[in-house]
Protein chains: 2
Amino acid sequence: MNIGEASSATGVSAKMIRYYESIGLIRAPLRTGSNYRVYGEDEVHVLRFVRRARTLGFSVEETATLLGLWQDKSRASAEVKDVATSHITALETKIAELQGMVKTLRHLAHCCTGDNRPDCPILDDLAGEHPVSKGH
Amino acid sequence: MNIGEASSATGVSAKMIRYYESIGLIRAPLRTGSNYRVYGEDEVHVLRFVRRARTLGFSVEETATLLGLWQDKSRASAEVKDVATSHITALETKIAELQGMVKTLRHLAHCCTGDNRPDCPILDDLAGEHPVSKGH
DNA sequence: CTTGACCTTCCCATGATTGGAACCTTTATA
DNA sequence: TATAAAGGTTCCAATCATGGGAAGGTCAAG
């Protein structure tokens, strides 16, 4: 399997496969005589693992940790759970942050007539003028 | 007011003030004879506007649009509302994405005993093996 | 044998921000 | 007043994950 086939078999772009190799996330595969990378089932399996971890929002670094744990037959599941739970916490922090933004913006947008007149509570808020009251 | 004072007056780092100037988000201020940037109330006001917009998650580009609308006395509030509501939509899309990750991870973590044993449904999921059932 | 699709490496760009080096100016202190 | 600390200036680099593209080698089908 060359890199293009491995890419479509895993959903990881060829660019990213080379990148992951360059940063040491995945091992360098064998090459053909003409210097083409050759991938087998094992490599594809690893790439799918990486893709799934990235889809779940793990950073490349966290993914490397998880890959290491995956390949360590004697790991304790507690270690994996720790990585996962602290990632959950980070995600929830981010979600709360975004929700705070949405809440404020929804309120401002609600107060904005959205017509042809120039008066705009959204801009007033950004400018720090006439602070918009929370109740309405 | 020099850049350090403007920075502490607005919460925007001196580095970022220079950056915002370099990309044209804010105008270049006057300089002293010794080439120090000099800020007045107007500039501080603009910087606070920028900071607030960034805090609400607007990109620098969106912030530039909002700044333009703010300074355009004849704008329609509808224009501002459009920028805000499409930003809200983008934030909500992002939130939903993160919530999806959390949901999956919570489920996997719940199924993981988290003890000394190597069996780990989290890794199994990442590896694409033994897909964890959704009900439990 | 040519053509087109693929591979290789290399460099560059993104967005927002931080860090640091090298150097100049202002301020406070010994 | 000499000097040191603090803060200003510019410029360059790194972050993180990814995509774009150029220049050149390789492979398959027509």
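Looking only at side-chain heavy atoms (C-beta outward), B:V46 and B:W70 come within less than 4.5 Å of each other. B:Q99 is not listed as a side-chain neighbour of A:E92, based on a closest heavy-atom distance of 4.5 Å or more.
A sub-4.0 Å separation between OP1 or OP2 of D:dT18 and a side-chain N or O of A:S13 is absent. Proximity of A:R54 to the phosphate of D:dC16: no side-chain N or O atom is located under 4.0 Å from OP1 or OP2. Regarding contacts with the backbone of C:dT8, every side-chain N or O of A:N35 stays at 4.0 angstrom or more from both OP1 and OP2. Of the side-chain N and O atoms in A:R18, none sit less than 4.0 angstrom from OP1 or OP2 of C:dC10. In terms of phosphate contacts, A:R31 brings no side-chain nitrogen or oxygen within less than 4.0 Å of OP1 or OP2 of D:dG25. For D:dA17, neither phosphate oxygen OP1 nor OP2 lies less than 4.0 angstrom from any side-chain nitrogen or oxygen of A:Y20. Remark: B:R37 is not in phosphate contact with C:dT25, judged by side-chain N or O atoms under 4.0 Å from OP1 or OP2.
A straight line from CD1 of B:I3 to C1' of C:dT25 spans 15 Å, rounded to a whole angstrom. Across the protein-nucleic acid pair, A:K94 atom NZ and D:dC16 atom C1' stand 13 Å apart, rounded to whole Å. Put simply, CZ on A:F58 is 13 Å from P on D:dA17, counting in whole angstrom units. Remark: P of D:dG7 and CD1 of B:I17 are 14 Å apart, rounded to the nearest angstrom. Between B:L30 atom CG and D:dT9 atom P the separation is 13 Å, expressed in whole Å. For B:M16 and C:dG15, the CE to C1' distance is 9 Å, given to the nearest whole Å. Rounded to whole Å, atom P of D:dA14 lies 18 Å from atom OH of B:Y19. The nearest whole Å value for the distance from the CD atom in B:E61 to the C1' atom in C:dG15 is 11 Å.
Both A:T32 and B:G4 lie close to DNA chain D; mapped to their nearest nucleotides by heavy-atom distance, the more 5′-ward contact belongs to B:G4. For the pair A:K15 and A:S34, nearest-nucleotide mapping onto DNA chain D gives the more 5' position to A:K15. Of the two residues near DNA chain C, B:G33 and A:Y36, the one whose nearest nucleotide lies more 5' is A:Y36.
Under the 4.0 Å criterion applied to side-chain N and carboxylate O atoms, B:D119 and B:R117 are not assigned as salt-bridge partners.
Across all non-hydrogen atoms, the minimal contact from A:C112 to B:K81 is O-NZ, 2.8 Å. The minimum heavy-atom distance linking A:C120 with B:S77 is given by the pair CB-CB, 3.9 Å.
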